[in-house]
Q: 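Before we start, here is the structure in question, set down as C-alpha cells.
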Amino acid sequence: MVLRVDEYVRSDATELARLVRIGEIAATELLEVAEAQLARLNPMLNAVNRLMLVEAQARVQQPLAGPLAGVPLLIKDAIQDYAGLSTSNGSHAFSRVVPKQHSTFVQRLLDAGAVIIGKSNTPELALKGVTDPKAFGVTRNPWDLSRTAGGSSGGSAAAVAAGIVPMAGANDGGGSIRIPAACCGLFGLRPSRGRVPPGPAVGEIWEGASSDHVLTRSVRDSALALDVLSGPEQGDPFVIAPPAGTFVEMAAREPGRLRVAFSAASPLGTDVHPEAVKAVNHAAKLLSSLGHDVVEDRPKYDGLALARCYLEMYFGQVAATLADARAAGAKSADFELATLLLEALGNARNAGAYVRHHRRWNEFARALAEFHQRYDLFLAPTIAFPPVDHAATVMPAAQRNVLALLLNTGLLGVMARLGLMEGALAGLSRQNLTFTPFTQLANLTGTPAMSVPLHRTVNGLPLGVQFIAAFGNESLLLQLATQLESAQPWTERLPALAVPR
C-alpha cells in the first residue's frame with residue numbers, strides 16, 4: 001500500500017498506528033509523507049521551530065511497538081523536554097540549557113512507539129493566547145494565514161489542523177490547549193490536575209494550574225493519548241484516582257442523559273462577539289436534540305477576582321523563571337519587553353500578597369464543585385472572539401515606548417511596590433483576558449475542560465465551545481465529545497492548504 005497525502009491527512013493517529021501494526025504501511029513511509037507535508041507547509045505556517053528529522057529517521061529504522069508505533073508527532077517547545085536538545089520555551093534565552101533526560105511526557109510517547117519529528121512554536125515562556133515569539137516568529141492559522149492560530153500551543157494546533165501530523169504535544173496553564181483548538185478547528189482536552197505528570201524536572205507547573213496533553217482532530221486520538229500519558233510518577237505532588245477503565249473504552253460509552261448549564265456571558269463583564277454567542281447557542285440546541293437537559297446558568301464566582309489571582313500567579317512565575325534563567329547566564333536583552341514587564345511586576349509583589357491570592361483558588365474550586373452538584377457540565381465559549389488578525393496582537397508603538405521607559409528607569413517597580421499600580425493591574429486583568437476570559441476557571445480549580453469544534457463563523461473560521469466537568473471526570477467529557485463528533489462530524493473538514501493541488 002502506498003499512502004497518498006490526502007489519505008494521510010484524513011487519517012487520525014489511531015488509524016495510522018493500525019495500518020503500521022497490520023503491516024499495510026511502514027513507519028518509514030509515514031515519516032516520508034510527514035516530512036513532505038512539513039517541508040511544504042511550514043514555510044507558510046511557521047508551526048515548527050525545531051526540526052528533529054535526523055532523530056526521527058534513526059528511530060524508524062528501529063523496531064517500534066506500542067499504541068502509537070510509527071505515528072509522526074510533534075512535541076511542544078515548552079516543558080516537554082527531549083534529552084540532549086534545549087527546550088527554548090519560545091526564547092533564545094534558554095538555548096544554553098540542555099536537559100539530560102526526557103520529560104515523562106516525552107518518554108511515554110516514545111515508549112508508545114511515536115516518532116517525534118520536531119518541536120512546535122510557542123510564545124515566549126508560553127505566556128500568551130497567541131503564538132508570536134520574537135525568537136521564532138509568528139505562527140499562522142491554516143484556515144486563514146492572516147489570523148492567529150491561538151496560543152500558547154499555537155504551533156501544535158496549526159500543524160495538526162494543516163495535516164503535518166495527526167497529533168501534537170501541548171500544555172494548558174490558562175487555556176493553551178483549548179484556545180488554539182478553538183482557533184484551528186481541533187479537539188482540545190485539558191486534563192485534571194495531576195492526570196499527566198510534568199516531571200521529572202519540575203513537580204508542578206504554575207502552582208498546578210498547567211496540564212500537559214495533546215491536540216488532535218479526533219476524540220479517540222485524545223483518549224488514546226491520555227491512556228499513554230496518564231498515571232503518576234514517583235515524587236509527583238498530585239496523585240489522581242485512575243479511571244474505571246481505559247480512556248479509549250470509556251470514551252466509546254454513551255454519556256447518558258446529562259444536565260448541562262450554559263452561559264455566553266464573560267465572567268469579566270467584557271464584550272463577547274456575536275459569533276461566540278451563536279456558537280454556544282448552537283451547541284445548547286444540539287445537546288437538547290440529543291436528549292440532554294440544558295438550562296442557562298453559570299457558576300457563582302467573582303470573575304474579576306479570579307482573573308486577578310491568575311495574573312498574580314503569572315507575575316510571580318515569570319519573575320521566578322527569569323531569575324533561574326539569569327542564574328544560568330541569560331541577559332535582559334534575551335527577553336521580550338512584555339516578559340520583562342511581567343518580571344518587574346512579579347518582583348515588586350510581596351510574598352504575603354502572592355499567598356493571599358493563591359489561597360483564593362480554593363474559593364473558586366468550592367464554587368465550581370457546588371455548581372457540579374447541580375449540573376454535570378458547564379458550557380461556555382472557549383474564546384470570546386473569532387481568531388484575531390495578527391496585527392491586532394501587536395503592542396502599539398506609543399504604549400511600548402512608555403512601558404519601556406518605565407521599565408528601564410526602574411519606575412515601574414517603584415510604582416508597583418508603593419501600591420500605585422493597583423488600578424492599572426485591575427485594568428490589566430480585564431484587558432489582557434478580554435479575548436480569553438473563559439478558560440482560566442478550569443486552570444485555577446484543576447478541573448478538566450475541553451474545546452469542541454462545533455461552530456464556523458460566517459467567514460468560515462473555526463470557533464470552538466468549551467465544556468468543564470467536575471474534577472477527575474475526563475471520561476464524561478470524552479463520552480460527550482464522542483457523541484457530538486458522531487452527531488456533527490468535524491474530522492473530515494480540512495483547510496484548503498492541507499492537501500497539495
Side-chain angles (χ1 to χ4, degrees), residues 1-13 15-17 19-20 25-60 68 70-77 114-122 131-133 135-151 153-170 180-181 183-186 214-218 221 387 390 453 460-462 490-501:
M1 173 182 178
V2 176
L3 191 70
R4 301 193 311 267
V5 172
D6 64 309
E7 293 172 325
Y8 170 81
V9 170
R10 295 183 187 282
S11 298
D12 63 3
E15 173 62 10
L16 293 176
L19 292 174
V20 172
I25 193 165
T28 52
E29 295 171 278
L30 277 185
L31 180 57
E32 285 177 12
V33 180
E35 286 181 337
Q37 284 288 84
L38 181 61
R40 183 175 66 85
L41 293 168
N42 204 48
M44 287 186 267
L45 300 173
N46 193 35
V48 181
N49 63 18
R50 180 164 197 156
L51 300 179
M52 294 173 58
L53 299 181
V54 172
E55 291 84 355
Q57 288 158 1
R59 184 160 170 78
V60 295
L68 292 172
V71 178
L73 303 182
L74 295 169
I75 55 175
K76 184 176 175 180
D77 202 10
V115 178
I116 298 172
I117 69 169
K119 296 188 172 193
S120 64
N121 201 17
T122 183
T131 301
D132 60 352
F136 302 105
V138 172
T139 294
R140 291 170 281 279
N141 192 319
W143 292 96
D144 181 342
L145 297 177
S146 71
R147 306 276 181 156
T148 183
S153 306
S156 289
V160 173
I164 295 174
V165 289
M167 179 187 291
C183 288
C184 293
L186 302 176
V214 295
L215 281 156
T216 63
R217 284 203 310 278
S218 72
D221 271 5
H390 297 301
L461 291 172
W490 60 74
T491 56
E492 290 295 311
R493 213 160 39 197
L494 299 168
L497 54 70
V499 179
R501 294 176 182 250

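Values reported hereafter were calculated over all heavy atoms of this structure, with side chains retained and with hydrogens, waters and symmetry mates removed.
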Q: Would you check if Leu38 and Val165 make a side-chain contact, meaning some heavy-atom pair closer than 4.5 Å?
A: no

Q: Set out, in order, the CA-CA distance, both residues' side-chain angles and the distance that settles side-chain contact (heavy atoms from CB on, under 4.5 Å) for Val48 and Lys119, then state yes or no.
A: CA-CA 6 Å; Val48 181; Lys119 296 188 172 193; 5.7 Å; no

Q: Nearest 0.5 Å, what's the CG-CD distance between Leu3 and Glu29?
A: 8.0 Å

Q: Closer than 3.5 angstrom, by distance alone: can the side chain of Asn141 be matched with the main-chain N or O of Ser146 as a donor-acceptor pair?
A: no

Q: Counting only N and O atoms by type, is there a donor-acceptor contact under 3.5 Å from the side chain of Asp6 to the main-chain atoms of Val499?
A: no

Q: Check whether any side-chain heavy atom of Val160 lies under 4.5 Å from a side-chain heavy atom of Cys184, and answer yes or no.
A: no

Q: Applying side chain to side chain donor-acceptor pair (under 3.5 Å), name anything that partners Arg10, two or more places apart in sequence or on another chain.
A: Glu492

Q: Given side chains that start at C-beta, do those of Arg217 and Leu494 come closer than 4.5 Å, heavy atoms only?
A: yes

Q: To check you understand the geometry: which heavy-atom pair defines the closest contact between Gly163 and Tyr8, and what is its length?
A: O-CE2, 3.4 Å

Q: For the residue pair Met52 and Ile117, establish whether any side-chain heavy-atom pair is separated by less than 4.5 Å.
A: no

Q: Going by atom types only, do Thr139 and Asn121 share a side-chain donor-acceptor pair under 3.5 Å?
A: yes

Q: Taking only residues two or more places apart in sequence or in another chain, which ones pass salt bridge (Lys or Arg N to Asp or Glu O under 4.0 Å) with Arg40?
A: none

Q: Can you name the side-chain contact (heavy atoms from CB on, under 4.5 Å) partners of Pro453, sequence neighbours left out?
A: Trp490

Q: To check you understand the geometry: which heavy-atom pair defines the closest contact between Pro180 and Gly151, and what is its length?
A: CD-O, 3.4 Å

Q: CZ of Arg140 to CG of Leu497: how many Å apart, nearest 0.5 Å?
A: 11.0 Å

Q: If the test is side chain to side chain contact (heavy atoms under 4.5 Å, CB included), which one of Thr131, Leu215, Ile75 qualifies with Ser156?
A: Leu215

Q: Quick check for you: to the nearest 0.5 Å, what is the distance between Arg147 atom CZ and Leu145 atom CG?
A: 11.5 Å

Q: Please give me the minimum heavy-atom distance between Val115 and Ala56, naming the atom from each residue.
A: CG1-CB, 3.7 Å

Q: For the CE atom of Met167 and the CG atom of Asp12, what is their distance to the nearest 0.5 Å?
A: 8.0 Å

Q: Is there a side-chain contact between Arg493 and Trp143 (heavy atoms, below 4.5 Å)?
A: yes

Q: Measure across Ala498 and Val9 and return the closest heavy-atom pair with its distance rounded to 0.1 Å.
A: O-CG2, 3.8 Å

Q: Should Val20 and Ile25 be marked as a side-chain contact (heavy atoms from CB on, under 4.5 Å) after you check the CA-CA gap, both sets of side-chain angles, and the distance that decides it?
A: CA-CA 5 Å; Val20 172; Ile25 193 165; 4.0 Å; yes

Q: Got Glu35 and Leu53 here, is their nearest side-chain heavy-atom distance under 4.5 Å?
A: yes

Q: Counting distance only, does the side-chain N/O of Asn49 pair as donor-acceptor with the main-chain N or O of Asp77 below 3.5 Å?
A: no

Q: To the nearest 0.5 Å, what is the distance between OG (Ser120) and NZ (Lys76)?
A: 7.0 Å

Q: Mind listing the closest non-hydrogen atom pair of Gly154 and Ala149 along with its distance?
A: O-CB, 3.8 Å

Q: Any side-chain heavy atom of Pro166 within less than 4.5 Å of one from Leu16?
A: yes

Q: Show the numbers, then the answer: is there a side-chain hydrogen bond (donor to acceptor under 3.5 Å, both in side chains) between Asp221 and Thr216?
A: CA-CA 6 Å; Asp221 271 5; Thr216 63; 5.6 Å; no

Q: When rounded to the nearest 0.5 angstrom, what is the spacing between CG in Leu74 and CD1 in Ile164?
A: 7.0 Å

Q: Does Val5 reach the side chain of Gln37, with side-chain heavy atoms less than 4.5 Å apart?
A: yes

Q: How close do Ala17 and Leu68 get, heavy atom to heavy atom, and via which atoms?
A: CB-CA, 4.3 Å

